[in-house]
There are 2 protein chains.
Amino acid sequence: MDKQEQILKAALKLFVEYGFHGTPTSKIAQEAGVSNGTLFHYYKTKDELVVALYIYIKTRLSACIDSNRGEGETIKATFKRIFLSSMYWAIENPTEFQFTQQFHSSPYLSMVSDEEIKKQTKCLMDFMQEAIDARVLKQLPIDLLFTLLSSQIYGINEYLVASSLDAEKQKEVINLSFDLIWDMVT
Amino acid sequence: MDKQEQILKAALKLFVEYGFHGTPTSKIAQEAGVSNGTLFHYYKTKDELVVALYIYIKTRLSACIDSNRGEGETIKATFKRIFLSSMYWAIENPTEFQFTQQFHSSPYLSMVSDEEIKKQTKCLMDFMQEAIDARVLKQLPIDLLFTLLSSQIYGINEYLVASSLDAEKQKEVINLSFDLIWDMVT
DNA sequence: ATTAAGATTGACTAATCAGTCTACAAAAAT
DNA sequence: ATTTTTGTAGACTGATTAGTCAATCTTAAT
């Protein structure tokens with residue numbers, strides 16, 4: 001029903017399959033089942049569509065990560081919950097995850113304002129700063145810690161995708177990886 | 001003099017600046033100072049050029065990593081040398097490094113044969129297998145270890161690029177990061 | 001010297017693409 | 001009921017693009 005969302009869904013699918021360069025707006029409109037004109041009614045340019053899609057996906061991811069933080073949770077438990085929810089989000093939304101990777105290492109990234117990026121990571125950053133202040137995490141620059149964590153998630157996901165394990169083995173690898181990371185940052 | 005190399009250099013620069021999609025072959029030829037026809041004489045299609053550039057860069061990177069392995073080197077020393085040479089290669093060749101990232105998370109990756117990829121990583125993989133067998137590295141799947149190492153290098157590089165530190169501080173972060181990784185994998 | 005093979009050029013083309021425009025329909029506001 | 005706003009369509013266009021081609025130049029072999 002919601003044409004705007006249909007357009008984003010179609011764009012996501014095609015961008016991941018054919019790349020930004022290989023996906024004409026006409027194909028996106030076609031895949032979304034709307035006219036060419038409708039696409040440009042909602043998004044003034046193709047670039048704007050690409051950026052809007054990134055923000056759309058990132059907003060949903062960070063909402064997922066930030067949600068259901070328990071009350072009396074220990075720092076380690078929170079850290080693990082964040083790690084696991086990121087990991088499982090990536091596994092359950094492979095297309096979205098691949099898109100963010102693709103976007104991240106493309107010139108499009110510079111079209112997103114710092115403000116927007118900070119908005120997406122504030123919750124996580126605040127938690128990590130607390131954990132550093134509480135002397136639980138190592139006394140390292142918070143940006144470094146953040147980057148180490150994210151890149152580990154990318155890496156582990158890549159491994160899981162490449163070696164198609166069953167759900168059980170997958171869970172093992174994820175838990176084992178968490179222990180590695182936890183040892184590293186504490 | 002070597003037109004083929006000039007074409008690769010020009011393509012590299014433009015791809016990183018404008019993305020694969022935003023770089024017409026005509027601009028590549030222009031930047032390289034050759035004619036349109038010459039470009040297509042060496043590379044039958046644009047895709048072929050993109051893939052050739054990836055292989056060209058990766059070959060030089062792995063040659064750099066695989067070189068100067070000392071004789072009586074301990075496993076830790078070898079591991080550190082590999083880590084450091086990768087890190088410094090990334091710092092000294094930021095455009096090349098960014099290109100590989102961009103390529104890696106694009107649909108172009110599937111155009112590179114498994115064989116070609118294995119050729120690039122064989123040396124490093126063999127060393128890691130030795131280190132696992134010698135019970136120095138943790139008993140983990142080698143692909144997982146490899147992925148963890150590479151993604152950490154990506155991540156640390158990203159951090160270093162974002163926070164423009166002086167050479168001294170940069171070195172500190174790199175050494176400190178090595179210790180974190182070494183603790184993690186042993 | 002002559003030939004053959006590859007290198008280089010740049011004009012050319014057929015196809016494609018991002019984005020526009022006009023027309024019309026639906027809904028909302030007055 | 002009528003006006004205004006918003007959504008939707010799809011034909012259209014001017015610019016651009018990947019790739020071709022025939023002609024010339026260079027190099028090396030015979």
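Protein chains get the first letters and strands the later ones, always in sequence-line order, with residue 1 at the start of each. The structure presented is a predicted model; accordingly, all values stated were derived computationally and were not measured.
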Query - side chain to side chain donor-acceptor pair (under 3.5 Å) between Thr38(A) and Ser35(A), worked out - result: CA-CA 5 Å; Thr38(A) 302; Ser35(A) 75; 3.0 Å; yes
Query raised in the report: Taking OP1 and OP2 of dA7(C), is either one under 4.0 Å from a side-chain nitrogen or oxygen of Thr38(B)?
Result: no
**Report entry** Between P of dA7(C) and CD of Gln6(B), the distance in whole Å
**Finding:** 15 Å
Query raised in the report: Between Ser35(A) and dG10(D), does any side-chain N or O lie under 4.0 Å from OP1 or OP2?
Result: no
Check nucleotides 15-20 of chain C against the protein and report each pair of N or O atoms closer than 3.5 Å, with its distance, or say if there are none.
unit_1	atom_1	unit_2	atom_2	d
dA18(C)	OP1	Lys46(A)	NZ	2.7
dA18(C)	OP2	Thr25(A)	N	2.6
dA18(C)	OP2	Thr25(A)	OG1	2.8
dG19(C)	OP2	Lys46(A)	N	2.7
dG19(C)	O6	Asn36(A)	ND2	2.7

Report task. Decide yes or no on side chain to side chain donor-acceptor pair (under 3.5 Å) for Gln102(A) and Gln98(A), but give the supporting numbers first. Result -> CA-CA 6 Å; Gln102(A) 213 169 307; Gln98(A) 215 180 317; 4.8 Å; no
Query raised in the report: Rounded to whole angstrom units, what separation is found between the NZ atom of Lys3(B) and the C1' atom of dG6(C)?
Result: 14 Å
Report task. Would you confirm whether the ring centroid of Phe97(A) sits within less than 6.0 angstrom of the ring centroid of Tyr154(A)? Result -> yes
Report task. Give the nucleotide from the list dT8(D), dT9(C), dA7(C) with an atom nearest to the side chain of Tyr42(B). Result -> dA7(C)
Query raised in the report: Is the phosphate of dT8(D), meaning OP1 or OP2, less than 4.0 Å from a side-chain N or O of His41(A)?
Result: no
Report task. Test side-chain contact (heavy atoms from CB on, under 4.5 Å) on Leu137(B) and Ile142(B) and set out the steps. Result -> CA-CA 10 Å; Leu137(B) 292 181; Ile142(B) 184 165; over 6 Å; no
Report task. Taking Lys46(B) for its side chain and Phe20(B) for its backbone only, find out whether a donor-acceptor pair lies under 3.5 Å. Result -> yes
Query raised in the report: In whole Å, what is the span from the CG atom of Asp2(B) to the P atom of dT26(D)?
Result: 18 Å
Report summary line: Between CD of Gln4(A) and C1' of dT8(D) the distance, given in whole Å, is 13 Å
Report task. Could you state the atom-to-atom distance from CG of Leu39(A) to C1' of dG7(D) in whole Å? Result -> 14 Å
Report task. Provide the full list of side chain to side chain donor-acceptor pair (under 3.5 Å) pairs with a residue in residues 131-142 of chain B, sequence neighbours left out, each pair given once. Result -> Gln129(B)-Asp133(B)
Query raised in the report: Is the distance between the ring centroids of Tyr108(B) and Tyr54(B) under 6.0 Å?
Result: no
Query - Whole-Å distance separating the CD1 atom of Ile28(B) from the C1' atom of dT17(D) - result: 12 Å
Report task. Mind calculating the distance between OH (Tyr43(A)) and P (dG7(D)) to the nearest angstrom? Result -> 12 Å
